[in-house]
Enquirer: 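Below you'll find the structure I mean.
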Amino acid sequence: MTAQEVRLCGLLLQEHFGDVVEKIGTHLLRSGAQNLRTIANETNTPLDLVKKSLCVLVQHGACEFGSGRRGPGSPVEYRADSERVLRILRYPRYIYTAKTLYGDTGELIVEEVLQRGHMTLSNTVKTVADRLTHNMEEGRNMEYSEVSSTFSKLVETHFLQRCPPVAEMGAAPPTTTPATHGAPASVAPPTAESNPDCYKLPPVKLIGCGKRRHSGDDTEDQRGGKKAKMDSESCGDEGIYWQVNFERFHQHFRDQAIISAVSSKLDQTSSEIVRTMLRMSEVTTTPSAAYTQPLSANEIFRSLPPNYSISRPILDQYLTLLVDDPMEFVGKSGDSGGGMYVVNLHRALANLARATLESVVQERFGSRSARIFRLLLRKRHLEQKQVEDFAMIPAKEAKDMLYTLLSENLVQLQEIPKTPDHAPSRTFYLYTVNQLPTARLLLQRCYKTVANLIERRLHETKENKRLLEKSQRIEAILASLQASEAEPEQLTEVEDMITAPERQQLEALRRHINKLDCAENQVDETVFLLESYIFSTRTK
Amino acid sequence: MAEVKVKQESPDPVQIENRIKELCQQFPHGITDQVIQNDMPQLEAQQRAMAINRLLSLGQLDLLRNSSGLLYRMKDSQTASKMKGSDNQEKLVYQVIEDAGNKGIWSRDIRYKSNLPLTEINKILKNMESKKLIKAVKSVAASKKKVYMLYNLQPDRSVTGGAWYSDQDFESEFVEVLNQQCFKFLQSKAEVARESKQSPMVQRNSSFATSHEVWKYICELGISKVDLSMEDIETILNTLIYDGKVEMTIIAAKEGTVGSVDGQMKLYRGVNAIIQPTGLVKAPCGLCPVFDDCHEGGEISPSNCVYMTEWLNF
């Protein structure tokens, strides 16, 4: 965990869960696995607060507990997962994807599950139905069955999964395996995928419809809350909690990136073919696979969307073109069935990461430096003179650009001595670019950028706190006046309490905050590409 | 009876020299000592050596060494007349420069080869330059270095830099203009191919242009004052590849088709970028020059960043 990651995680935890959780969370991230007593002592927080924050973190999957280092008898140790905390940054993208695929219902389901961490099926359905009904016109209600069907569709396509069952702690080892009695108890926590039922829906029938909540309904809600609890107890699926399957969403984003790259490089039809191939291998390919399963041309032909009626020979031509393309998105793995084709996932990710690096160099340093950068990526090692010759840039300028890139660590220098004494006049100095370390460097820079954007947003909000509070009070007064049906003059009087320049300032503030939010999402796209690329090289 | 000493008629030294000269003319590649001996067996070694030395000092014979021994060759009468006024040292330096051909030779190298002191060398070089026997050419690699070569020779490409250098200056605008013209040509070809709406194979193949076609197009455009060869155009197209705007394939072509080199042809095609400018550069931090100095609570921090303020008010 680098310092930038910890800083970013701290900011995210603070925004979403508050100061106490942030303190505990960053402490855990910095110091690794610790037990409860140590955490309380080192952070000087009372024990019950520590317990509550750990609960919150565990509920969201950001913290895992396992038996201590000194064997099964020692106190339980907690470990925070920085990757999981960084996913919080990507929540808007997940919700938006669910919206595009499954409509408003899907969007609300995913939003609810993301906010609560783990939820049961019945709870989710009820909450979502209530929310949807609230937004609909009077007299219409959202049926539970509709929400359930969307939920089951999400589970079928693996976007939601069951939470892994909690490992038994301190219990006697099962009698069926007496040989493992003395085995170390530090077993890896079971992942969600290791549960064979992780995508199986519980046999629960939910009948009913969403209840519209009126604004004066507090007491009813309290009673409704109790009633809801009793209802869920009778639903029969307690203990089966669902969480969002981030890997599946990442797979989806990755597929989208590949498809858009193909469509901008070649044309629309090729990207449709690649989209079909990826859709067919959605559930059969593991997330970290280097290639999808081989698909025969016949299968692809049958699975093409019906509005893309291209003939079989044309499809073959497109596939050949895709295989011949230097980007190597698609590869041919055999000739049976009219040709077996795979999508080269790792290579596509490497190409996308390379394009990201090139675009960063281009925007920061100009197109000639980008030319030098691309030249070094292609030719690996080059001398100063060769760089000038190939790139056709005058010697002075080329030297300048190379030294700038070198000082930013985007380009490295490799020395090859001719003599054992490494004399500078008798050594070859070669410039080179290593894609993986450069990608890591840029990733850290992205983290710092996002942290900077969040801090700026908080700062802007703090600066204008007085103004925001005032506008909130005015809005509350307006709302209450409207509810009690006051006269228009009173309304305008209240509205005039905010002067015009203040209104402008508020407007500007809103624009700024929107822009900062947008920028966070955009930088997160870069983070996703670089993270996927780095992860794909790690599992090789 | 005493032995009759047969008195040899000592041949005239001039006669010996003339005979040697005739032999040289008979064998323009050069004659060895052996040949002279065979021709005039009655000549003693001493006399032979004297005659050869005289011819050498007169500058009419050239002394060469090959694997089997020494060779004597007739010197070109023209050059012989030129060198009449010079002495041995100059002749030596001249020979060294001549050997360097059209790449030229640096003054320090002349010193190594002739073992003459620096001052002498400089005097001789100045002398020969004024007699218009040699000339100095500035090298493009190191602008202070001067190489010397014979007066009537064309300097080699590696010294002057070829088509891209005019008077030791790299012509960047010329290269840029050529760059853009080539790219426009390839791009319009790809556009035409895409509009034609034929089958994808045909579309792709027609969007390719061989390096020969590009060369012809550039020549016809007439923007270049210097004649450009196909290799020059290929270096320009390579820079377009490094710009990410063009891709290249090599196909096997029949020998004799226009533009093929060693049975291969290079094809170039304009392409689009595969991604849009990435998200990181859309935030000011991605382009910030003081990124590493920025900390919360420091002089430069996100809260008081001027770049961010400007960007937000945009």
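Scope of the values below: all heavy atoms of this structure, side chains included, with no hydrogens, waters or symmetry mates. By convention in this document, chain letters (A, B, ...) are assigned in the order of the sequence lines, proteins followed by strands, and residues within each chain are numbered from 1.
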Enquirer: Which members of residues 504-512 of chain A, sorted by number, sit under 4.5 angstrom from chain B on a heavy-atom basis?
Expert: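 Under the 4.5 Å heavy-atom cut-off, A:His512 qualify.
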
Enquirer: So that I can tick it off, tell me whether B:Glu191 and B:Lys184 are bridged by a salt bridge, with the cut-off set at under 4.0 angstrom between side-chain N and carboxylate O.
Expert: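 No.
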
Enquirer: Relative to each other, are the rings of A:Tyr403 and A:Tyr431 parallel, tilted or perpendicular (30° and 60° limits)?
Expert: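 The rings of A:Tyr403 and A:Tyr431 sit tilted, inter-plane angle from 30° to 60°.
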
Enquirer: Check whether A:Arg378 gets within reach of chain B through its side chain, its backbone, both or neither, counting any heavy atom under 4.5 Å.
Expert: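 For A:Arg378, the contact with chain B is made by the side chain alone.
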
Enquirer: Quick check on A:Glu363 against chain B: is it the side chain, the backbone, both or neither that has a heavy atom closer than 4.5 Å?
Expert: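 The answer is both parts of A:Glu363.
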
Enquirer: Let me know if A:Thr320 has heavy atoms under 4.5 Å from chain B in its side chain, its backbone, both or neither.
Expert: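 The side chain, not the backbone.
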
Enquirer: Got a sec: does the NZ of B:Lys216 have more than 12 other heavy atoms crowding it under 6.0 Å?
Expert: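 Check fails, neighbour count at 12 or below.
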
Enquirer: Taking A:Arg457 first and then A:Glu15, would you say they form a salt bridge - that is, a charged N and a carboxylate O separated by under 4.0 Å?
Expert: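 Yes, this pair counts.
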
Enquirer: Does a salt bridge link A:Asp316 with A:Arg312, judged by any charged N lying under 4.0 Å from a carboxylate O?
Expert: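 Salt bridge present between A:Asp316 and A:Arg312.
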
Enquirer: So do A:Leu321 and A:Ser270 actually touch side chain to side chain, heavy atoms under 4.5 Å?
Expert: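 They are not in contact (no side-chain heavy atoms under 4.5 Å apart), so the answer is no.
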
Enquirer: Could you tell me whether A:Glu408 and A:Arg364 make a salt bridge, using a distance below 4.0 angstrom between a side-chain N and a carboxylate O?
Expert: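 Salt bridge present between A:Glu408 and A:Arg364.
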
Enquirer: Identify which part of A:Lys462 has an atom lying under 4.5 Å from any heavy atom of chain B, answering side chain, backbone, both or neither.
Expert: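 Neither part.
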
Enquirer: Measure distances from B:Thr309 to the heavy atoms of chain A and classify the residue's part below 4.5 Å as side chain, backbone, both or neither.
Expert: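 B:Thr309 touches chain A through backbone and side-chain heavy atoms alike.
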
Enquirer: Strictly below 4.0 Å, N to O, side chains only: are A:Glu460 and A:Arg456 in salt-bridge contact?
Expert: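 Yes, this pair counts.
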
Enquirer: With a 4.5 angstrom heavy-atom cut-off, which part of A:Ser367 approaches chain B: side chain, backbone, both or neither?
Expert: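 The backbone, not the side chain.
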
Enquirer: Closer than 4.0 angstrom, basic N to acidic O: yes or no for B:Glu213 and B:Lys189?
Expert: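 Counted as a salt bridge, because a side-chain N and a carboxylate O are separated by less than 4.0 Å.
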
Enquirer: For A:Leu375, is it the side chain, the backbone, both or neither that has a heavy atom under 4.5 Å from a heavy atom of chain B?
Expert: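 A:Leu375 touches chain B through backbone and side-chain heavy atoms alike.
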
